[in-house]
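All values reported here derive from a predicted model rather than from experimental measurement.
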Amino acid sequence: METGFVHHQSAHCENGVASNLLKYHGINISEPMVFGIGSGLFFFYLPLLKVNHAPAISYRPMPGFIFNKAAKRLGIKVKRVKFSNPQSAQKALEENLNNNIPSGLQVGVYNLTYFPDEYRFHFNAHNLVVYGKKDDTFLISDPVMETVTTLTEKELEKVRFAKGALAPKGQMYYPVNIPSEIDWETAIKKGIKNTCNDMLAPVPIVGVAAMRFLARSIRKWPVKKGVKVANHYLAQMVRMQEEIGTGGGGFRFIYAAFLQEASVVLKNDSLKVLSAEMTTIGDLWRDFAVNAARVYKNRSNQTDVYNSLADELIHISNLEEAFFKKLKKAI
């Protein structure tokens, strides 16, 4: 069983799976366009919720939201199925492959045998495509990998039914209805408006307000929690930003590429200017990550390091607030 699926490497797993599956069905859509139309740029901070013994910080919406929103705005119907047991999950996947339907899967990262050891941790919202099977081995297109790879039946079962937070429960998804024509302009505008509204939301745990909430917390962590715990929190924040998927800086670069593409489709040069601005903001996020890493690795020669990091984050939040107000006005 092998479909005519073509693997394209991407920066982020969900964008890459969506782009690759849609390309297979004849829609030439880039990773940035999926990300922008699907309103993938986001920020969330909820200190009461703990992930890896640190406050929950996310630079993206919930798993599946990007592809679902992008598909809906493009007029594409996507079928998603979860399973109660591995046998029915494998049977459904093999039926799809027999019908030449490459299928997206949500899986756990920890037991992905082709991942380097340093990237294998307990995170259950990774995405990949199964595009075929030879003997007892499934053919895998993981968009964050340079080339295609494989997993045995047992290996795939293990990652499909990983336990813990965001347990995938064998989740499988694939497009089932593609329109003959797509209204790209409307889809792009809806995606941009949604992102602007999220990032400018008047609640403290979402968007630029959440960045400021986090900055205030960073100032308090060493006093309230002690330096060891504060540094663990910083390490988890950087991991979420730079290592799990694409996170803060990387997502800004993808969004900048989306705005560049969108400027051509919408014939709107102001989006090209804003694209360059978002790239600069992405650079600042990367600088923040480097400085935070120096702190938790005890390599910083700055005094008052936590307040300095908080000041950096406040500066970024101010730039993003101004940016999203201009972007909303531009469309």
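Atom NZ of Lys158 is surrounded by 12 or fewer heavy atoms from other residues, nucleotides or ligands within 6.0 Å. Counted within 6.0 Å of NZ on Lys50, heavy atoms from surrounding residues, nucleotides or ligands total more than 12; the atom is thus considered enclosed. Annotation for Lys190: atom NZ does not count as buried by contact number, only 12 or fewer foreign heavy atoms lying within 6.0 Å.
Here the shortest heavy-atom pairing between Ser39 and Gly191 reads OG-O, 2.9 Å. Between Ala18 and Val34 the shortest heavy-atom distance is CB-CG1, 3.7 Å. Scanning both residues, Gln106 and Pro63, for their nearest heavy atoms gives OE1-CB, 4.2 Å. When every heavy atom of Val17 is checked against every heavy atom of Gly104, the shortest pair comes out as CG1-CA, 4.2 Å. In this structure, Ala209 and Ala201 approach most closely via the heavy-atom pair CB-O, 4.2 Å. In terms of heavy-atom proximity, Pro168 sits nearest to Ala162 at CD-O, 3.5 Å.
Between atom CG of residue Leu21 and atom CG of residue Asn127 there is a gap of 9.5 Å, rounded to the nearest 0.5 Å. The CZ atom of Phe43 sits 12.0 Å away from the CZ atom of Arg212 when rounded to the nearest 0.5 Å. The structure places CZ of Phe323 at 5.0 Å from CG of Leu259, a figure rounded to the nearest 0.5 Å. For the atom pair NZ (Lys82) and NZ (Lys169), the distance works out to 5.5 Å, reported to the nearest 0.5 Å. Distance check: Leu313 CG to Arg216 CZ gives 10.5 Å after rounding to the nearest 0.5 Å. Between the NZ atom of Lys69 and the CZ atom of Phe35 there is a distance of 11.5 Å, given to the nearest 0.5 Å.
A cation-pi arrangement, defined by a distance under 6.0 Å to the six-membered ring centre and an angle within 45 degrees of its axis, is absent between Arg60 and Phe42.
With Tyr114 as reference, Asp142 is the one residue of Thr149, Thr150, Asp142 to meet the side chain to side chain donor-acceptor pair (under 3.5 Å) rule. Under the side chain to side chain donor-acceptor pair (under 3.5 Å) rule, Arg73 has a single partner from Asn68, Asn194, Asp183, which is Asn194.
Glu31 has its side chain within reach of His12: a pair of non-hydrogen atoms, C-beta onward, lies under 4.5 Å apart. Side-chain contact check for Ile140 versus Tyr131: every heavy-atom pair is 4.5 Å or farther apart. Looking only at side-chain heavy atoms (C-beta outward), Tyr174 and Val78 stay at 4.5 Å or farther from each other. Contact of the Val129 side chain with the Leu105 side chain is not registered, since no non-hydrogen atoms from C-beta on lie closer than 4.5 Å. Using a 4.5 Å heavy-atom threshold, the side chains of Leu128 and Leu112 count as touching. You'll find the side chain of Ile57 stays beyond 4.5 Å of the side chain of Tyr233, heavy atoms only. In this structure the side chain of Ile188 never reaches within 4.5 angstrom of the side chain of Ile331, judged on heavy atoms. In this structure, the side chains of Lys326 and Glu277 come closer than 4.5 Å at one or more pairs of heavy atoms.
Under a 3.5 Å cut-off, the side chain of Lys154 and the backbone N or O of Leu151 do not form any donor-acceptor pair. The backbone N or O of Ala165 lies less than 3.5 Å from a partner atom in the side chain of Asn124, making a donor-acceptor pair. Between the side chain of Asn52 and the main chain of Ala54, no donor-acceptor pair closer than 3.5 Å is present. Gln90 places no side-chain N or O within donor-acceptor distance of the main-chain N or O of Glu157, the cut-off being under 3.5 Å. Between the side chain of Ser88 and the main chain of Phe83, no donor-acceptor pair closer than 3.5 Å is present. Side chain of Glu321 to main chain of Leu200: no donor-acceptor pair is present (N/O by atom type, distance under 3.5 Å, no hydrogens or angles). Side chain of Gln171 to main chain of Val81: no donor-acceptor pair is present (N/O by atom type, distance under 3.5 Å, no hydrogens or angles). Without hydrogens or angle criteria, Asn99 side chain to Ile101 main chain gives no donor-acceptor distance under 3.5 Å.
Criterion: ILVMFWY side-chain heavy atoms under 4.5 Å apart, direct or through other members. Under it, Trp184 and Ile66 are part of a common hydrophobic cluster. Hydrophobic clustering places Met33 together with Leu266 (ILVMFWY residues linked when any side-chain heavy atoms are closer than 4.5 Å, directly or through intermediates). Hydrophobic clustering of Ile, Leu, Val, Met, Phe, Trp and Tyr side chains at less than 4.5 Å, counting indirect connections, unites Val203 with Phe44. The hydrophobic cluster containing Tyr45 does not contain Leu166, counting ILVMFWY residues as joined when their side-chain heavy atoms lie under 4.5 angstrom apart, directly or transitively. A chain of hydrophobic side-chain contacts below 4.5 Å, direct or via other Ile, Leu, Val, Met, Phe, Trp or Tyr residues, connects Met237 to Leu49.
By the 30° and 60° cut-offs, the orientation of the rings of Phe115 relative to His126 is perpendicular.
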Full working for side chain to side chain contact (heavy atoms under 4.5 Å, CB included) between Phe253 and Thr279:
CA-CA 5 Å; Phe253 300 138; Thr279 300; 4.2 Å; yes
Leu74 and Ile29: side chain to side chain contact (heavy atoms under 4.5 Å, CB included), yes or no, with the steps?
CA-CA 11 Å; Leu74 293 167; Ile29 185 169; 3.8 Å; yes
Test salt bridge (charged side-chain N to carboxylate O under 4.0 Å, His left out) on Asp311 and Arg219 and set out the steps.
CA-CA 9 Å; Asp311 290 343; Arg219 296 187 201 280; 2.8 Å; yes
How far apart are the C-alpha atoms of Asn20 and Ser141, what are their side-chain angles, what is the distance that settles it, and do they pass the side chain to side chain contact (heavy atoms under 4.5 Å, CB included) test?
CA-CA 9 Å; Asn20 285 343; Ser141 166; 4.2 Å; yes
Could you give me the CA-CA distance, side-chain angles and deciding distance for Thr195 and Ile192, then say whether side chain to side chain contact (heavy atoms under 4.5 Å, CB included) is met?
CA-CA 5 Å; Thr195 299; Ile192 290 175; 5.8 Å; no
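With salt bridges taken as basic N to acidic carboxylate O contacts below 4.0 Å, none links Glu155 and Arg160.
The closest side-chain donor-acceptor pair between Thr280 and Arg252, if any, does not fall under 3.5 angstrom. With 3.5 Å as the limit, one finds a donor-acceptor pair spanning the side chains of Asn96 and Ser103. Checking Tyr255 against Ser275 by side-chain atom types alone, no donor-acceptor pair falls below 3.5 Å.
For Trp285 and Phe251, the distance between ring centers is not under 6.0 angstrom.
Note on residues 261-273: pairs passing side-chain hydrogen bond (donor to acceptor under 3.5 Å, both in side chains), not counting sequence neighbours, are Ser30-Glu261, Asn268-Ser270. Pairs of residues two or more places apart, or lying in two chains, that qualify as side-chain hydrogen bond (donor to acceptor under 3.5 Å, both in side chains) and include a residue from residues 223-232 are Asn231-Tyr306.
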